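Everything quoted here is computed from the prediction, not taken from an experiment.
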Amino acid sequence: MEQNNNKFDCIVIGAGHAGAEAAHAAAKIGAKTLLLTISKDTIAKASCNPAIGGIAKGQIVKEVDALGGLMGIATDETGIQFRLLNRSKGAAVQSPRAQIDKYKYSACIRRLLEQTENLTITEGLVAEILVEDNQVIGIKCTDGRIFTAAAVIVTTGTFLKGVMHTGTKQWPGGRLDEPAANELSDSLRKLGLEVLRLKTGTPARLDAKTIDYDKTQIQHGDEKPSPFSFLTDSITRKQIPCWITYTNEKIHKLLIDNMDRAPLYTGQIKTTGPRYCPSIETKILRFSDKTRHQVFLEPEDEECRTIYCNGISTSVPEDVQEQMIKLMAGTENAKIIHYAYAIEYDYCPAIQLKPSLETRKIKGLFLAGQINGTSGYEEAAGQGIMAGINAARMLDGKEPLVLRRDQAYIGVMVDDLLTREIDEPYRMFTSRAEWRMSLRSDNADTRLTRIGRDIGLVDDKRWKKFLQKQEQIKALIEFLKANRKEGKSLWEHLKQPQQAIKSEIPVSDFSENVIESVLTDAKYEGYLIKEEKAIAQYQKSEKLKLPESLDYDKVDHLRAEAKEKLKKFKPATLGQAGRIGGITPADIMIIQIHLRKHGK
């Protein structure tokens, strides 16, 4: 819905995956919200790979959905292939992933945002954050328009002073065929925020009709797709395959011979890219013993018009890219629709933020997504929904919502950003979560939907469905503990390896996701009890808040290195202080003694 005035409660800058969730959350909770985007046609654009989810990322999407967000709903509506990753491994590391029709996904998110009350979507490029007495009062666009608000959320992705690279060719831009945001970056610096640079990249896209798929390996999705949203009962849309091919020694030699033309290695690109999503030129140098690397050919749309070459991100010149594609099995005659490129962009180290994602320096200014040094649509969405929630709560004079590490992968991510030196784009993995058995994708609603309801983000439809599921879970647990087989309860049988008791369950009484979730809880009950004990200890340290006014220079016997680290990171709790690199248990004890001594 459109409005004519320029006064709002909350303004969200950027309509990528972080901005979409932030704007929706703030507006749904009740804040009159403005979402500013360069173009409405690129809302929630999948500018890199055409997929949602993945290892640990899938858990974040389920958590965003459980809180009442949009990403899971849009993925289910526009997904063209669904797979549960790590199916052969334990439940703690299994993660859902879906290929999406990236055009329909963007259109779906736009439609959902346009249907959201209290939300106005306007096109514009922001030049300046307006501040008085260290409090946000609004923003100014490059065309002179001014919009006022007491909360501003910056979700600019790779647009801040973005510079794109293909070979020696350089040009300003935030994404392919989209302008960079230069003035806003300068505005953040003037406000006293530290602004640094990072790099990411993307591979070439190919004309799908020009690929010889007989020379590749076909990769189908799951026979019975698992939905991302807890509102979706089943996926009935037609599923489309992906294909696998490989680089080879000829391609590796080609790249090595042209390394003097690769911006990453000529000094043209000076910043750090994502370690866990390296360019193909980095792969062949880092893993010089490997004679090939896997490349996934992923459809970008349901009609299978273009193919994303997942695994060969690069910034080498166009002629080298042409030769590389011609040397790969299945793509010898493929036509490149657009070439791969790398992009450098500004970001603000997240240690400048409070746990609410509000900046420490400026009240009402929140940052979410790649501007905080993260990578990935999912990490952006997780930060976006939290920033939107906390901006709305700040406006209402309420305490911020801060998810703990034992509550959500989102909590792990935000805590990591606040306690680690981020010198490369941060990516979520299951290994980052200490209590990943408790943070499974199937129980995200059990963990978070009550929280979403309490803050006003979960509507009646979702809440009713959640309560029905919880009743089913309770009934199934009672059934398993009450019914016996060979002298033991069915619940006890589940703790034994290779126990198949599904045939004993009246499946018509319970949904499949309820059965799978309860069976997992039963099977791993011993591990979950151990996690609960560890979590209880962790929560004690998280309850010990550290005053923002605490002067670490005045803490007797605290090491100089510890003082510098604590002044830099400004931890919110004693537990968070202990997770900062270089802080020892002895340092924590000294801080505790100091706080007791001064009655804090």
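Relative orientation of the Tyr524 and Tyr527 rings is tilted, given thresholds of 30° and 60° on the angle between their planes.
The closest side-chain heavy-atom distance from Ile580 to Pro571 is below 4.5 Å. Two residues are said to be in side-chain contact when any heavy atoms from C-beta on lie closer than 4.5 Å; Arg579 and Arg405 meet this criterion. Here the side chains of Lys543 and Thr573 are not in contact, with every heavy-atom distance at 4.5 Å or above. Looking at Ile52 and Val61, their side chains come closer than 4.5 Å, going by heavy atoms from C-beta outward. Using a 4.5 Å heavy-atom cutoff, the side chains of Ser511 and Val514 are in contact. Annotation: side chain of Tyr426 is in contact with side chain of Leu417 (closest heavy-atom distance under 4.5 Å). Using a 4.5 Å heavy-atom threshold, the side chains of Asn390 and Leu357 count as separate.
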Verdict with supporting geometry, Thr33 and Asn118, side chain to side chain donor-acceptor pair (under 3.5 Å): CA-CA 6 Å; Thr33 303; Asn118 300 318; over 6 Å; no
May I have the step-by-step check of salt bridge (Lys or Arg N to Asp or Glu O under 4.0 Å) for Glu300 and Lys102, ending in yes or no? CA-CA 6 Å; Glu300 292 197 302; Lys102 69 177 191 178; 3.0 Å; yes
Is there a ring pair (Phe, Tyr, Trp, His ring centres under 6.0 Å) between Trp435 and Tyr538? Walk through the geometry before answering. CA-CA 11 Å; Trp435 302 294; Tyr538 154 78; 4.8 Å; yes
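For the pair Glu114 (side chain) and Ile121 (backbone), a donor-acceptor distance under 3.5 Å is absent. Under a 3.5 Å cut-off, the side chain of Gln383 and the backbone N or O of Glu379 do form a donor-acceptor pair. Side chain of Asp101 to backbone of Thr78: no donor-acceptor contact under 3.5 angstrom is found.
For the pair Arg87 and Asp222, the salt-bridge criterion is met [side-chain N within less than 4.0 Å of a carboxylate O].
No cation-pi contact links Lys469 to Phe230, judged by a cut-off of 6.0 Å to the six-membered ring centre and 45° from its axis.
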